[in-house]
2 protein chains.
Amino acid sequence: MPVVFPRKKANRDGSNLAKWNDAVPSRETQHELKREALFREAAKGFNHRGFHGTSLAELAETLGITKAALYHYVPNKHELLYRCLYHSTEAAFSAVDYGRKNGANGLEKLRLAVKEYFILVLGDNASPSVTLYDAGALDEKSAETIYARRKQTSKDLREFVSEGIEDGSIIPCDPKLVINVILGTMNWTPRWYVSDGEWNEEHVSGEVADMLMRSIAANP
Amino acid sequence: MPVVFPRKKANRDGSNLAKWNDAVPSRETQHELKREALFREAAKGFNHRGFHGTSLAELAETLGITKAALYHYVPNKHELLYRCLYHSTEAAFSAVDYGRKNGANGLEKLRLAVKEYFILVLGDNASPSVTLYDAGALDEKSAETIYARRKQTSKDLREFVSEGIEDGSIIPCDPKLVINVILGTMNWTPRWYVSDGEWNEEHVSGEVADMLMRSIAANP
């Protein structure tokens with residue numbers, strides 16, 4: 001996924017005129033790019049070292065900035081985690097939409113959703129998403145928000161399975177149990193996937209989605 | 001799995017004679033039973049609420065004991081987590097052994113190992129195992145021990161896959177990627193499985209193992 005540049009905002013004098021022929025990004029765009037870099041680095045840390053294994057001081061050091069500068073972009077580490085978790089639920093919503101719109105039957109909808117999700121959350125240019133976390137690292141309200149959004153995705157994916165059983169593309173099975181396994185894989189993969197390793201996200205997204213679909217496909 | 005009573009130890013006076021006709025467990029057995037109850041409750045907490053979402057004070061309250069009494073059994077929460085993680089690596093080692101000894105081909109070895117693992121770690125009487133954790137919650141030496149033991153299991157399971165590809169029971173695939181997905185499911189299942197829910201561990205162990213095997217079986 002390419003980096004999504006934010007829509008161009010008005011210049012500080014209120015005009016929308018380009019400066020320096022847009023040879024350098026605007027101040028606002030630069031702010032967004034820096035934020036994006038911070039979130040991406042944070043997501044990497046949370047995914048591989050966990051919440052308590054990731055410190056703001058280390059993040060600042062990796063990004064070559066001071067810890068004080070980092071606070072321009074996010075008030076604290078809890079908020080950083082929450083936003084990364086929220087990103088992953090947004091990715092899940094888009095992925096479900098994509099599957100729903102483009103799949104011809106239940107199995108295809110599920111396959112497309114799972115593959116799209118991996119494409120959205122894995123890799124260097126992915127949305128800075130976190131899937132595994134310690135419940136104690138979020139306040140109650142934030143935890144409830146994430147929980148409710150995850151529950152929605154679980155429900156949506158179960159519906160694809162039920163649809164697949166009905167249209168004959170999926171073997172008779174327990175949609176809830178099947179989706180628990182599939183969601184587990186969706187949550188776990190960002191933990192082991194490293195973008196500079198032996199695989200790229202296109203390959204892993206396809207392989208893992210295919211593997212999961214084969215486990216329930218009527219015609220594997 | 002039944003609770004494994006520790007081997008009977010000598011009485012405090014050094015004798016091995018039963019007291020009260022063994023109508024009540026010995027002092028040593030009682031100590032072990034209490035420890036076991038503590039570990040089981042802790043594992044439940046860590047699996048469902050995470051390290052930082054689980055407090056020793058709450059554990060003590062659930063068990064109906066004082067926090068001071070709890071310190072007779074374990075020096076601190078980090079140690080409690082470490083031992084629960086260690087339990088899960090022991091379960092994985094036993095499960096791999098079981099698969100190796102009883103499977104007729106690569107796929108069967110893998111299926112038996114995965115199913116046996118779930119039987120060992122799920123359910124009320126299971127070994128108090130924890131699989132998901134925040135790396136920051138362990139000291140370096142403990143983290144290295146757990147990491148090395150997990151790596152061994154990963155290697156063992158990959159060998160079953162390679163064997164299965166060679167003997168024709170498993171489709172051509174990338175053993176490392178496949179085992180990453182399977183280990184993810186092994187680690188994730190204790191998070192959603194609740195013993196007093198709609199499923200029991202026998203059912204879930206079989207269903208999840210079958211689902212995973214179907215994804216790579218030459219003849220699903």
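Residue numbering restarts at 1 for every chain, and letters A, B, ... go by the order of the sequence lines.
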- Item | Heavy-atom pair with the smallest gap, counting every atom of Met211(B) and Ile216(A) | CE-CG2, 4.4 Å

- Who wins among Val181(A), Leu177(A), Leu212(A) for the most heavy-atom pairs under 4.5 Å with chain B? Leu177(A)

- Item | Greatest number of heavy atom pairs closer than 4.5 Å to chain B - which of Val208(A), Ile171(A), Ile182(A) | Ile171(A)

Mind listing the donor-acceptor pairs under 3.5 Å that bridge chain A and chain B?
unit_1: Phe51(A); atom_1: N; unit_2: Asp134(B); atom_2: OD1; d: 3.4
unit_1: Phe51(A); atom_1: N; unit_2: Asp134(B); atom_2: OD2; d: 2.9
unit_1: His52(A); atom_1: N; unit_2: Asp134(B); atom_2: OD1; d: 3.1
unit_1: His52(A); atom_1: N; unit_2: Asp134(B); atom_2: OD2; d: 3.2
unit_1: His52(A); atom_1: NE2; unit_2: His52(B); atom_2: NE2; d: 3.3
unit_1: Gly53(A); atom_1: N; unit_2: Asp134(B); atom_2: OD1; d: 3.4
unit_1: Tyr133(A); atom_1: O; unit_2: Arg191(B); atom_2: NH2; d: 3.2
unit_1: Asp134(A); atom_1: OD1; unit_2: Phe51(B); atom_2: N; d: 3.4
unit_1: Asp134(A); atom_1: OD1; unit_2: His52(B); atom_2: N; d: 3.1
unit_1: Asp134(A); atom_1: OD1; unit_2: Gly53(B); atom_2: N; d: 3.4
unit_1: Asp134(A); atom_1: OD2; unit_2: Phe51(B); atom_2: N; d: 2.9
unit_1: Asp134(A); atom_1: OD2; unit_2: His52(B); atom_2: N; d: 3.1
unit_1: Asp174(A); atom_1: OD2; unit_2: Trp199(B); atom_2: NE1; d: 3.1
unit_1: Lys176(A); atom_1: NZ; unit_2: Glu198(B); atom_2: OE2; d: 2.5
unit_1: Arg191(A); atom_1: NH2; unit_2: Tyr133(B); atom_2: O; d: 3.1
unit_1: Glu198(A); atom_1: OE2; unit_2: Lys176(B); atom_2: NZ; d: 2.6
unit_1: Trp199(A); atom_1: NE1; unit_2: Asp174(B); atom_2: OD2; d: 3.1
unit_1: Arg214(A); atom_1: O; unit_2: Arg214(B); atom_2: NH1; d: 3.1
unit_1: Arg214(A); atom_1: NH1; unit_2: Arg214(B); atom_2: O; d: 3.0
unit_1: Arg214(A); atom_1: NH1; unit_2: Ala217(B); atom_2: O; d: 2.9
unit_1: Arg214(A); atom_1: NH2; unit_2: Ala217(B); atom_2: O; d: 3.2
unit_1: Ala217(A); atom_1: O; unit_2: Arg214(B); atom_2: NH1; d: 2.9
unit_1: Ala217(A); atom_1: O; unit_2: Arg214(B); atom_2: NH2; d: 3.2

- Checking heavy atoms, do the side chain of Leu138(A), its backbone, both or neither come under 4.5 Å from chain B? neither

